[in-house]
There are 2 protein chains.
Amino acid sequence: MLSKSEENYIKEIYSLEQKFQSDVNTNLIAKKIETKASSVTDMLKKLAKKELLTYQKYKGVKLNPKGTKVALSIIRKHRLWETFLVKKLNFSWDEVHEVAEQLEHIQSDKLTNHLDAFLDFPTVDPHGEPIPNKHGNFKTTKTICLNQFQIGEKGVFVEVKNDSDTFLKFLNKNNLSIGTKIKVIEKEDFDNSMVIETNKDQFRISENVTKNLYLKR
Amino acid sequence: MLSKSEENYIKEIYSLEQKFQSDVNTNLIAKKIETKASSVTDMLKKLAKKELLTYQKYKGVKLNPKGTKVALSIIRKHRLWETFLVKKLNFSWDEVHEVAEQLEHIQSDKLTNHLDAFLDFPTVDPHGEPIPNKHGNFKTTKTICLNQFQIGEKGVFVEVKNDSDTFLKFLNKNNLSIGTKIKVIEKEDFDNSMVIETNKDQFRISENVTKNLYLKR
DNA sequence: AAATATTTTTAGGTATATCTAAAAATAATG
DNA sequence: CATTATTTTTAGATATACCTAAAAATATTT
Ligand SMILES: [Mn+2]
Ligand SMILES: [Mn+2]
Ligand SMILES: [Mn+2]
Ligand SMILES: [Mn+2]
């Protein structure tokens with residue numbers, strides 16, 4: 001049985017591994033968890049002892065298969081609950097993340113799997129993020145980050161890799177939601193901002209925004 | 001913001017107050033929470049300091065209005081989740097209590113109230129226990145404990161005041177569920193056991209069972 | 001390759017929620 | 001009403017998950 005803290009560390013280490021495709025270092029984890037590096041070191045030792053990851057002093061950590069399985073189970077719960085909140089309880093996509101941060105720690109396989117069935121085994125959550133099935137498998141559709149697009153290219157917005165309510169509310173305000181068709185009109189070399197076109201509008205967005213939007217061509 | 005521990009203490013103190021209609025003493029709480037009397041004393045001091053209850057050394061405690069409100073909010077969440085699990089996720093009534101013990105600590109008024117609406121504002125949970133509404137009000141239907149019934153009396157089983165899975169599984173095995181009609185055939189003075197009759201059967205149950213079944217005449 | 005900067009770990013401390021054992025208060029009994 | 005039994009509180013420990021500050025290891029510059 002893992003504590004809520006341990007689960008959160010495992011989850012964040014997993015997402016950092018995915019993001020950087022490499023071993024994860026202490027300071028990165030500290031920033032993500034919003035804690036101090038010394039606290040991270042303590043926890044890494046503990047998780048290594050529990051054989052969820054390999055840890056070498058000064059060299060960072062890497063989840064082993066057992067740790068990866070734990071991470072996927074928490075991510076599965078998080079995204080199932082987000083889906084539940086939107087589909088069944090009429091939450092909007094910018095209201096679900098904080099509550100899912102709590103719900104992801106509820107421990108009951110039966111609950112998770114029945115919830116999955118109740119939702120008709122969804123494959124993506126309200127942010128377009130893939131939901132692992134009960135075996136930890138999920139379909140990896142190759143989505144491309146908007147900042148990789150060239151002028152003139154078009155795509156469909158299918159996933160947002162930032163669950164914060166401020167960011168999602170910003171997207172709402174600009175009528176950007178999953179399924180929106182986007183065309184790149186202009187790219188600014190100086191600050192990597194872009195002018196994009198949707199059904200309704202044409203407007204400029206900063207690199208900070210383009211970095212978090214993922215599309216299909 | 002209260003910790004999970006603090007919430008559990010408040011909840012159990014409330015239910016003991018209801019059960020014994022009096023101030024609650026340290027040892028009773030210790031038994032309910034499955035902890036030591038010394039731990040209870042520590043917590044009572046803390047809860048008194050937070051002004052959720054009145055505490056006098058050696059005299060026991062009593063929830064004040066603020067504490068009572070907290071208790072009712074947790075009980076509301078517990079019973080709404082139990083209802084959700086049975087009505088929407090196909091859990092049986094003996095499988096819900098442990099999961100609800102976790103879910104009752106999720107903190108989001110929006111979630112609680114939307115769940116309530118999703119379930120069509122249920123007034124009782126799968127065990128016949130009343131569900132407080134968002135203002136903490138619930139209808140108090142006068143149910144009578146089976147052990148108060150006389151020989152020959154009939155009633156309808158409407159509430160069970162024991163959520164443990166072993167007890168509920170015992171009821172399942174004997175076809176006793178909410179709505180079952182029961183007639184008292186025999187009462188044994190020696191051990192307060194009873195022989196009861198249902199549609200299907202006639203059999204003896206111990207005082208331990210009669211104490212936990214509540215009926216309407 | 002020194003010197004400097006950055007990252008990471010260690011050492012030691014705090015708050016919460018437990019525990020055991022002993023002391024103090026209250027209740028029950030002869 | 002004094003003795004005994006029970007309940008409750010206090011004193012002092014432990015484990016978890018944090019923290020700050022200093023030391024050690026590693027990385028970057030000059
Ligand atoms: Mn999320
Ligand atoms: Mn999401
Ligand atoms: Mn229950
Ligand atoms: Mn119940």
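As a basis for the values below, the full set of heavy atoms in this structure was taken, side chains included, without hydrogen atoms, waters or symmetry mates. Below, chains carry the letters A, B, ... as their sequence lines are ordered, and counting in each starts from 1.
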| message | One pair to check against side chain to side chain donor-acceptor pair (under 3.5 Å): A:Ser206 and A:Asn208. What are the steps and the verdict? | response | CA-CA 5 Å; A:Ser206 70; A:Asn208 222 309; 5.4 Å; no
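Residue pairs that meet the salt bridge (charged side-chain N to carboxylate O under 4.0 Å, His left out) test with at least one member in residues 20-43 of chain B, sequence neighbours left out, are B:Glu12-B:Lys32. Residue pairs satisfying the salt bridge (charged side-chain N to carboxylate O under 4.0 Å, His left out) criterion with at least one member in residues 105-123 of chain B, sequence neighbours excluded, are listed as follows: A:Glu95-B:Lys110, B:Arg76-B:Asp116. Among pairs with a residue in residues 127-145 of chain A, those fulfilling salt bridge (charged side-chain N to carboxylate O under 4.0 Å, His left out) read A:Arg79-A:Glu129, at least two apart in sequence or across chains.
Distance B:Lys31 NZ to D:dT7 C1': 11 Å, rounded to the nearest Å. Rounded to whole angstrom, the span from the NZ atom of A:Lys45 across to the P atom of C:dT8 amounts to 14 Å. Distance, A:Met43 CE to D:dA15 P: 16 Å, rounded to whole Å. Between A:Asp42 atom CG and D:dC19 atom P there is a gap of 10 Å when expressed in whole angstrom units. Summarising the geometry, the separation between CG on A:Leu44 and P on C:dT7 is reported as 16 Å, rounded to the nearest angstrom.
Annotation: ring-ring contact (aromatic ring centres under 6.0 Å, His included) contacts of A:Phe91 (sequence neighbours excluded): B:His114. For A:Lys69, there are no side-chain contact (heavy atoms from CB on, under 4.5 Å) partners two or more places apart in sequence or in a different chain. Judged as a side-chain hydrogen bond (donor to acceptor under 3.5 Å, both in side chains), and not counting sequence neighbours, B:Gln102 has no contacts. For B:Glu98, the side-chain hydrogen bond (donor to acceptor under 3.5 Å, both in side chains) criterion is met by no residue, not counting sequence neighbours. In terms of the ring-ring contact (aromatic ring centres under 6.0 Å, His included) criterion, B:His105 has no residue partners (sequence neighbours excluded). Not counting sequence neighbours, the partners of A:Phe84 by the ring-ring contact (aromatic ring centres under 6.0 Å, His included) test are A:Trp81, B:Phe84.
Using a 4.0 Å cut-off on heavy atoms, the residues of residues 34-41 of chain A that approach DNA chain C are A:Ala37, A:Ser38, A:Thr41, listed by number. Within residues 9-29 of chain B, the residues having any heavy atom under 4.0 Å from DNA chain D are, by residue number, B:Asn25, B:Thr26, B:Asn27.
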Can you give me the N/O atom pairs linking the protein to nucleotides 24-29 of chain C at distances under 3.5 Å, or say none if there are none?
unit_1	atom_1	unit_2	atom_2	d
C:dA25	O4'	B:Tyr58	OH	3.2

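Taking 4.0 Å as the cut-off between side-chain N and carboxylate O, B:Glu101 and B:Lys11 count as a salt-bridged pair.
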